[in-house]
Structures are given as structure tokens and as C-alpha cells.
Amino acid sequence: FQLYITMRLHENIFFKKADTLITVSDNDKDQFSNRNSNKSIFVIPNFLDFDKYNHTQNYKRENYFVMTANYNAYMNVEGLKWLLNDVWDYEIDKNSKLLIVGKNSDKILDDIGLSSKFKNVLAVGPVEDVNPYISKSKAVLIPLLQGSGSRLKCLEAMALKTPIIATPKGVEGIESEFFLVAKTAQELKNKLLNYKLNKKIGDNLKKDFINNYSLLANTKKIKDIINYVLKK
């Protein structure tokens, strides 16, 4: 609630004083345009430096899904609870593993009371580098139900050629035709049960990443904003 109040203060007080707004997605731009029609609004998507992901491209894929997140964040905890209560079942658990990786992931299953429900849902804990876990997985799961902006975890998977299975919120703000999107718990369950790794999907996600969400692709957008501000 405190975070919500802080956000609203920024939007209602500080944003009104700004000449220019920068958002990370077209969806966010549309929302701010409705309230700030007289302002210039630029879009610079979240992006990553692709050079940092080259060294983890050649890991052999293993039979597990992975969900990487900060499990101190409300939306990630709620997404995981929904995944384990409404989607993941004993049939999926019999054929696949789910690795939960990131801050507080070593405690989160106990916190939500699901530490012993499934034998193949494994908490890894915080790690120095999530890239190897993503690169070895057969798919990244992003089962988010709320939030805004765009997900760095989605971009990390794209850079590492790892397919993404997500809710619409999980890939919101990021454009690609190659996400495997499920709108309901049953749809997501079916995708997990019938999933087969497709190398072409990973290759196409990497292309979309390089063309739209890499440092190189966004350099010109950043320069345009700097030039706009200097002229103002």
C-alpha cells in the first residue's frame, strides 16, 4: 500500500512538472497520454547488453522449467501461488521439474505452505547468476497476474534463446509472436503437459531481442531523447 501511494504521488505531482516522460512500453505510453496529453512521451523499452549473454549460449538443455524472480515482490509470490495451486498438478510433476530461482526462493515454498506438495518443485535459492539456469531449462515460466511495465526475466530468456510460457501479464510490454501465452489456468496446464522444446522458437526470440531489446537497438532512441532535451 505504501508503494502504491508513492507511485500515485509521482504520477500526480512530479509528472505534472515534467516536460517529457519516458515509458518502457507502448501500453504505458497510452495510459500516460490519456492523462498528460500536452507532454512529449518517449518509449525506451527495458533492454539488456547482449554481450553479457553470449557466454551462456551453449549449455545442454535439461528436463526442467524455471521461474526466476525476486520472491520478496508481491506479484511474483502471487504468481507462484497461482501456478502451484491452480496449474501445476501431479501429472505435470511426474514428467517435469520446476526450479524456483532467485531472492527468497529458498524460503518461499515454506512461506506459502507448499514446501511438500510436489516432489519435483525445487527451490534453488538466491544465485549469483541466473543465466545458466535459464540456458539449461526447456522453458521459462512467467505466471504473473498483475504488474506493469515489462519483465527483464522475459528479456533474459529471449537473449538466451529459451522459450517462454507465460500469462499475458508475464509478457506485457514486450513484442514477439513467439511467446507461448496462456490466458487461463487450464490453458497453462495444457501447455505444460504437452510442451516439447522447439529450437526454432528460441532462435526467433533471440532475433526479436537483438532487433528490439538490445543495447545496440536502443542507442538511437536514447540519442533522440538527449537531443530533444538539449533543444528544449
Side-chain angles (χ1 to χ4, degrees), residues 24-25 27-28 43-73 75-77 79-80 83 97-106 108 122-145 147-182 188 191-192 195 197-219 221:
V24 297
S25 71
N27 184 54
D28 285 354
V43 177
I44 298 183
N46 284 323
F47 59 86
L48 302 171
D49 186 354
F50 180 66
D51 290 342
K52 295 181 179 179
Y53 296 84
N54 269 334
H55 67 288
T56 48
Q57 292 284 336
N58 299 315
Y59 284 111
K60 184 179 178 181
R61 298 285 178 179
E62 299 178 12
N63 185 33
Y64 68 83
F65 299 108
V66 66
M67 181 177 172
T68 63
N70 174 2
Y71 293 95
N72 290 315
M75 66 283 296
N76 295 326
V77 174
L80 177 64
L83 174 67
K97 290 182 180 179
L98 171 63
L99 299 190
I100 302 169
V101 182
K103 290 181 180 178
N104 203 45
S105 61
D106 50 342
I108 189 61
L122 308 173
V124 175
V127 296
E128 200 167 304
D129 185 3
V130 299
N131 292 345
Y133 293 92
I134 296 172
S135 294
K136 294 177 185 178
S137 70
K138 58 183 180 181
V140 165
L141 304 188
I142 312 179
L144 297 186
L145 304 176
S148 62
S150 60
R151 324 288 168 217
L152 288 177
K153 66 191 79 176
C154 187
L155 301 184
E156 289 170 335
M158 294 171 73
L160 295 168
K161 299 195 290 187
T162 303
I164 296 163
I165 305 174
T167 56
K169 272 290 180 185
V171 294
E172 186 178 76
I174 301 175
E175 299 295 327
S176 178
E177 298 177 5
F178 302 100
F179 298 133
L180 303 175
V181 179
L188 184 52
K191 287 186 183 299
L192 297 181
Y195 179 77
L197 181 65
N198 185 335
K199 185 177 180 295
K200 289 184 178 179
I201 290 178
D203 291 339
N204 285 320
L205 286 172
K206 178 185 172 183
K207 289 178 184 176
D208 285 343
F209 167 81
I210 291 174
N211 290 336
N212 299 299
Y213 303 104
S214 64
L215 174 62
L216 184 62
N218 285 281
T219 299
K221 294 178 182 178

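Keep in mind it's a predicted model, so treat the numbers as computed, not measured.
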Taking side-chain hydrogen bond (donor to acceptor under 3.5 Å, both in side chains) as the definition, give me every residue that meets it alongside S176, ordered by chain and number, with sequence neighbours left out.
D208

With sequence neighbours left out, the residues meeting side-chain hydrogen bond (donor to acceptor under 3.5 Å, both in side chains) with D203 are K199

Donor-acceptor check, side chain of N27 to backbone of G173, threshold 3.5 angstrom: yes or no?
no

May I ask you to test the [X]-[Y] pair for a side-chain heavy-atom distance under 4.5 Å?
X    : Y    : result
R61  : T162 : yes
L192 : L141 : yes
N63  : K138 : yes
L83  : L188 : yes

Check this for me, if you would: do K169 and E172 make a salt bridge, where the nitrogen-to-carboxylate-oxygen distance has to be below 4.0 angstrom?
yes

Which distance, rounded to the nearest 0.5 Å, do you find between the [atom1] of [X] and the [atom2] of [Y]?
X    : Y    : atom1 : atom2 : answer
L215 : K52  : CG    : NZ    : 9.0 Å
N218 : I44  : CG    : CD1   : 7.0 Å
N212 : E175 : CG    : CD    : 8.5 Å
L80  : L98  : CG    : CG    : 7.5 Å
E62  : S137 : CD    : OG    : 9.5 Å
F178 : L180 : CZ    : CG    : 11.0 Å

Over all heavy atoms of both residues, which pair between [X] and [Y] is shortest? Give the atoms and the distance, please.
X    : Y    : value
P132 : Y64  : O-OH, 4.1 Å
A123 : S105 : CB-O, 3.1 Å
L197 : P163 : CD1-CG, 3.9 Å
V24  : V43  : C-CG1, 4.1 Å
N70  : K103 : OD1-CB, 3.5 Å

Quick check: are there more than 12 heavy atoms from other residues, nucleotides or ligands sitting under 6.0 Å from CG of L145?
yes

Going by the rule side chain to side chain contact (heavy atoms under 4.5 Å, CB included), which residues pair with D106 if we only count those two or more places apart in sequence or in a different chain?
P126

L122: which residues meet the side chain to side chain contact (heavy atoms under 4.5 Å, CB included) condition with it, sequence neighbours left out?
K97, L99

With sequence neighbours excluded, residues passing ring-ring contact (aromatic ring centres under 6.0 Å, His included) with F47:
none

Identify, with sequence neighbours excluded, every residue that meets ring-ring contact (aromatic ring centres under 6.0 Å, His included) alongside Y213.
none

Parallel, tilted or perpendicular: ring planes of Y53 versus F209, cut at 30 and 60 degrees
perpendicular

